[in-house]
Novice: 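For reference, the structure I am asking about is given below.
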Amino acid sequence: MRNFFRFIIRYHFLLLFLLLEIISFSFIFNYNQYHRNFYLSSSNKISGFFYEQFSSVVEYFRLRKTNEELLRENSELRNQLEKTDFLSTTATRFYIDSIGSQRYRYTPAKVINNSVNKHFNYLTLNKGADDGILPDMGVISSRGLVGVVLNTSDSYSTVISLLNTRLQISARLRDTGFFGSLGWEGLNYRYATLSGIPAHASPSVGDAVVTSGYSSIFPENILIGTIDEISINQGEGFYDIRVLLSVDFKQLQYVHVVKKTGAEEQRELEKLNEDD
């Protein structure tokens, strides 16, 4: 203890200088938007680099499971291909959906950091602004909905996870079309809560819950999960529905970032109605 006080006395000018420097930089980054954005971008680059290196080591030991996941996804895509009208061999005409007319475009990315045990969980992806990824883009996986892009640097991006109590998703019952709001309550990482479904909707355990398509972020009919438990709020006449999420966030490795063409135009138009 005596040596500690000697150290403080001997270097107190230097320690005071460092303390003032820290306080100064804190004020700069908190109250100056340009410096704050520069800091967030730089920190994303640095942390993203180290996350990517660590993730590459972990990925090596998951190659077998990854191959099984890719094989399953390819099977699902083939099944969807058989159902599409555009490639039906019985059709009298064939339709070509060119890139210019696509409503959504998908960028594959790898998850290099992820958390599931906090109230505000986030992911880090190995793709960023250089790959065309911007804030407010949707993120999905082969199993369903994942989250929304929050911040980007040149080579990396952070995603607000569905397992984040601040995120609310417009969702609907796939079979009946009734829609409500889905969010995570910060408890079990496998379950979320769907609210706002009216009493006459008659949902059933096992029914699929999907994206409504009412936002400029996600396509409709992206799987979110299945109904696991149903209770009704007698005072309000709406159901509180527990949903088993289709994505196991503890095993999440690869995702697709969704860009909707014309999303900015839609958001600007919808802003005109916010004052009503």
Novice: Which residues pass the side-chain hydrogen bond (donor to acceptor under 3.5 Å, both in side chains) test with Ser202, sequence neighbours left out?
Specialist: none
Novice: Are the side chain of Arg174 and the backbone N or O of Asn221 linked by a donor-acceptor pair below 3.5 Å?
Specialist: no
Novice: Taking the side chain as every heavy atom from C-beta outward, state whether Leu145 and Ile169 have any atom pair closer than 4.5 Å.
Specialist: yes
Novice: Name all residues meeting the side-chain hydrogen bond (donor to acceptor under 3.5 Å, both in side chains) criterion together with Glu220; count only those two or more places apart in sequence or in a different chain, and write none if there are none.
Specialist: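 Here no residue qualifies.
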Novice: Answer yes or no: does atom CZ of Arg242 have more than 12 heavy-atom neighbours from other residues, nucleotides or ligands under 6.0 Å?
Specialist: yes
Novice: Please round to the nearest 0.5 Å and tell me the distance separating atom OG1 of Thr176 and atom CG of Asp207.
Specialist: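 Going from the OG1 atom of Thr176 to the CG atom of Asp207 covers 7.0 Å.
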Novice: Does Arg143 use its side chain to pair, donor to acceptor, with the backbone of Leu245 at less than 3.5 Å?
Specialist: no
Novice: Nearest 0.5 Å please: distance from the OG1 atom of Thr193 over to the CG atom of Asp240.
Specialist: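 Taking OG1 in Thr193 and CG in Asp240, the distance rounds to 7.0 Å.
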Novice: Looking at residues at least two apart in the chain, or sitting in another chain, which of them share a salt bridge (Lys or Arg N to Asp or Glu O under 4.0 Å) with Glu185?
Specialist: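 Result, salt bridge (Lys or Arg N to Asp or Glu O under 4.0 Å) vs Glu185: none returned.
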Novice: Mind checking what makes side-chain hydrogen bond (donor to acceptor under 3.5 Å, both in side chains) contact with Asp248, not counting sequence neighbours?
Specialist: none
Novice: Please check this pair: side chain of Thr165 against backbone of Gly186, looking for a donor-acceptor N/O pair closer than 3.5 Å.
Specialist: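 Pair absent, no side-chain N/O of Thr165 close to backbone of Gly186.
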Novice: Flag the pair Phe120 / Arg166 as yes when at least one side-chain heavy-atom distance between them is below 4.5 Å, and no otherwise.
Specialist: yes
Novice: Show the nearest heavy-atom pair for residues Lys127 and Ala109, with the distance to one decimal.
Specialist: CG-CB, 3.7 Å
Novice: Ignoring hydrogens and geometry beyond distance, is a side-chain donor-acceptor pair present between Ser170 and Ser212 at under 3.5 Å?
Specialist: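 The criterion, which ignores hydrogens and geometry beyond distance, is satisfied for Ser212 and Ser170.
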Novice: Please step through side chain to side chain contact (heavy atoms under 4.5 Å, CB included) for the pair Ile241 and Ile197, ending with a clear verdict.
Specialist: CA-CA 8 Å; Ile241 300 175; Ile197 301 297; 4.0 Å; yes
Novice: Tell me, please, which residues at least two apart from Asn121 pass side-chain hydrogen bond (donor to acceptor under 3.5 Å, both in side chains).
Specialist: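 Per chain and number, Asn121 pairs via side-chain hydrogen bond (donor to acceptor under 3.5 Å, both in side chains) with Ser115.
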Novice: Going by the rule side chain to side chain contact (heavy atoms under 4.5 Å, CB included), which residues pair with Val116 if we only count those two or more places apart in sequence or in a different chain?
Specialist: Asn114, Leu163, Tyr189, Phe249, Lys250
Novice: For residues Leu134 and Phe218: do they belong to one hydrophobic cluster (side chain heavy atoms under 4.5 Å, members Ile, Leu, Val, Met, Phe, Trp, Tyr)?
Specialist: yes
Novice: Tyr106 and Val258: side chain to side chain contact (heavy atoms under 4.5 Å, CB included), yes or no, with the steps?
Specialist: CA-CA 5 Å; Tyr106 300 85; Val258 185; 3.7 Å; yes
Novice: Looking only at heavy atoms, which two atoms of Ser141 and Val247 are closest? And how far apart?
Specialist: OG-CG2, 3.6 Å
Novice: If hydrophobic clusters are built by linking Ile, Leu, Val, Met, Phe, Trp and Tyr wherever their side-chain heavy atoms come under 4.5 Å apart, do Tyr191 and Ile232 end up in the same one?
Specialist: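 Different hydrophobic clusters.
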Novice: Walk me through it: do Gln253 and Val111 pass the test side chain to side chain contact (heavy atoms under 4.5 Å, CB included)?
Specialist: CA-CA 5 Å; Gln253 297 183 59; Val111 178; 5.7 Å; no
Novice: Indicate the atoms forming the closest heavy-atom contact of Ala171 with Leu194, along with that distance.
Specialist: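 Where Ala171 meets Leu194 most closely, the heavy atoms are CB-CD1, 4.1 Å.
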Novice: Please round to the nearest 0.5 Å and tell me the distance separating atom CG of Leu123 and atom CG of Leu162.
Specialist: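 Here the interatomic distance stands at 10.0 Å.
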Novice: Without swapping roles, check the side chain of Tyr239 against the backbone of Pro203 for a donor-acceptor pair under 3.5 Å.
Specialist: no
Novice: For the CD1 atom of Ile224 and the CG atom of Leu182, what is their distance to the nearest 0.5 Å?
Specialist: 5.0 Å
Novice: Once ring pair (Phe, Tyr, Trp, His ring centres under 6.0 Å) is applied, do any residues pair with Phe178, and if so which ones, sequence neighbours excluded?
Specialist: His200
Novice: Return the set of residues passing side chain to side chain contact (heavy atoms under 4.5 Å, CB included) with Leu223 (not counting sequence neighbours), or none when no residue passes.
Specialist: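 So Leu223 forms a side chain to side chain contact (heavy atoms under 4.5 Å, CB included) with Ala208, Val210, Ser246.
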Novice: Quick one: pull up CD1 in Ile222 and CD1 in Ile217 and give me the separation to the nearest 0.5 Å.
Specialist: 13.0 Å
Novice: Please enumerate all residues that pass side chain to side chain contact (heavy atoms under 4.5 Å, CB included) together with Leu150, with sequence neighbours excluded.
Specialist: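 For Leu150, the residues satisfying side chain to side chain contact (heavy atoms under 4.5 Å, CB included) (neighbours in sequence not counted) are Tyr122, Thr158.
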Novice: Test side chain to side chain contact (heavy atoms under 4.5 Å, CB included) on Asn126 and Lys110 and set out the steps.
Specialist: CA-CA 6 Å; Asn126 69 337; Lys110 178 184 173 185; 3.6 Å; yes
Novice: Other than Leu187, what residues sit in its cluster of Ile, Leu, Val, Met, Phe, Trp and Tyr side chains whose heavy atoms are under 4.5 Å apart, directly or through others?
Specialist: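 Result for Leu187 is none, singleton.
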Novice: Do Val255 and Leu125 have side chains that get closer than 4.5 Å, going by heavy atoms?
Specialist: yes
Novice: I want to check something: taking the side chain as every heavy atom from C-beta on, are Val209 and Ile227 in contact at a cut-off of under 4.5 Å?
Specialist: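 Yes, close enough: below the 4.5 Å cut-off.
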Novice: Given 3.5 Å as the limit, does a donor-acceptor pair link the side chain of Asp131 with the main chain of Ile133, or not?
Specialist: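 Judged by distance alone, no pair lies under 3.5 Å.
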Novice: Taking the side chain as C-beta and beyond, is there a heavy-atom pair between Leu167 and Ser161 under 4.5 Å?
Specialist: no
Novice: Using side chain to side chain contact (heavy atoms under 4.5 Å, CB included) as the criterion, list what pairs up with Thr226, not counting sequence neighbours.
Specialist: Leu244
Novice: Can you tell me how far apart CE (Met137) and NE2 (His256) are? Round to the nearest 0.5 Å.
Specialist: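 Met137 atom CE to His256 atom NE2 measures 15.0 Å (nearest 0.5 Å).
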Novice: Please list, chain by chain and in numerical order, all residues satisfying salt bridge (Lys or Arg N to Asp or Glu O under 4.0 Å) with Asp130, sequence neighbours excluded.
Specialist: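 With sequence neighbours excluded, Asp130 shows a salt bridge (Lys or Arg N to Asp or Glu O under 4.0 Å) to no residue whatsoever.
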